[in-house]
Amino acid sequence: MYQNKTNLSEIIHIYKEQLEKFYRLGIGNMTEHRTIVTDRLIDVTKRRLNELQHKKLHMVRGLSNNGIK
């Protein structure tokens with residue numbers, strides 16, 4: 001059976017690639033999807049990446065956000 005599931009590590013990898021692309025293009029330039037790279041776009045992407053990495057860390061350690069294992 002085909003499973004269309006993206007795991008957390010893959011999503012984190014995508015966010016890291018996006019950040020690399022934004023830095024490579026530079027502020028004020030446009031992505032291939034005609035999105036203008038801004039400080040805010042970079043900040044939001046970094047924040048979400050941090051959230052996902054934090055979630056993965058808790059999953060690996062067997063912790064949850066509410067402290068219940």
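Neither I36 nor L41 shares a network with the other; the hydrophobic side chains, linked directly or stepwise wherever heavy atoms of I, L, V, M, F, W or Y lie under 4.5 Å apart, form separate groups for each.
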Checklist entry - Could you walk me through whether M30 and T35 pass the side chain to side chain contact (heavy atoms under 4.5 Å, CB included) check? => result CA-CA 5 Å; M30 208 174 281; T35 300; 5.8 Å; no
Next on the checklist: T31 vs K21, test: side-chain hydrogen bond (donor to acceptor under 3.5 Å, both in side chains). Steps then yes/no.
Outcome noted: CA-CA 8 Å; T31 70; K21 181 193 323 178; 5.8 Å; no
Checklist entry - Between L8 and L52, is a side chain to side chain contact (heavy atoms under 4.5 Å, CB included) present by the stated rule, with each step listed? => result CA-CA 7 Å; L8 188 55; L52 293 168; 3.7 Å; yes
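Between K16 and Q53, the closest side-chain pair of non-hydrogen atoms falls below 4.5 Å. In this structure the side chain of K56 reaches within 4.5 angstrom of the side chain of I12, judged on heavy atoms. Proximity of I42 to I27: side-chain heavy atoms (C-beta onward) are separated by under 4.5 Å at one or more points.
In plain terms, the two heavy atoms of L19 and L49 that are nearest each other are CD1-CD2, 3.7 Å.
A donor-acceptor pair is defined here as one N or O able to donate and one able to accept, closer than 3.5 Å; no such pair exists between the side chain of N50 and the backbone of K46.
Considering OG1 of T45 and CZ of F22, their distance stands at 4.5 Å, rounded to 0.5 Å. Of the inter-residue distances, the one linking Y15 atom OH with E20 atom CD reads 15.0 Å to the nearest 0.5 angstrom.
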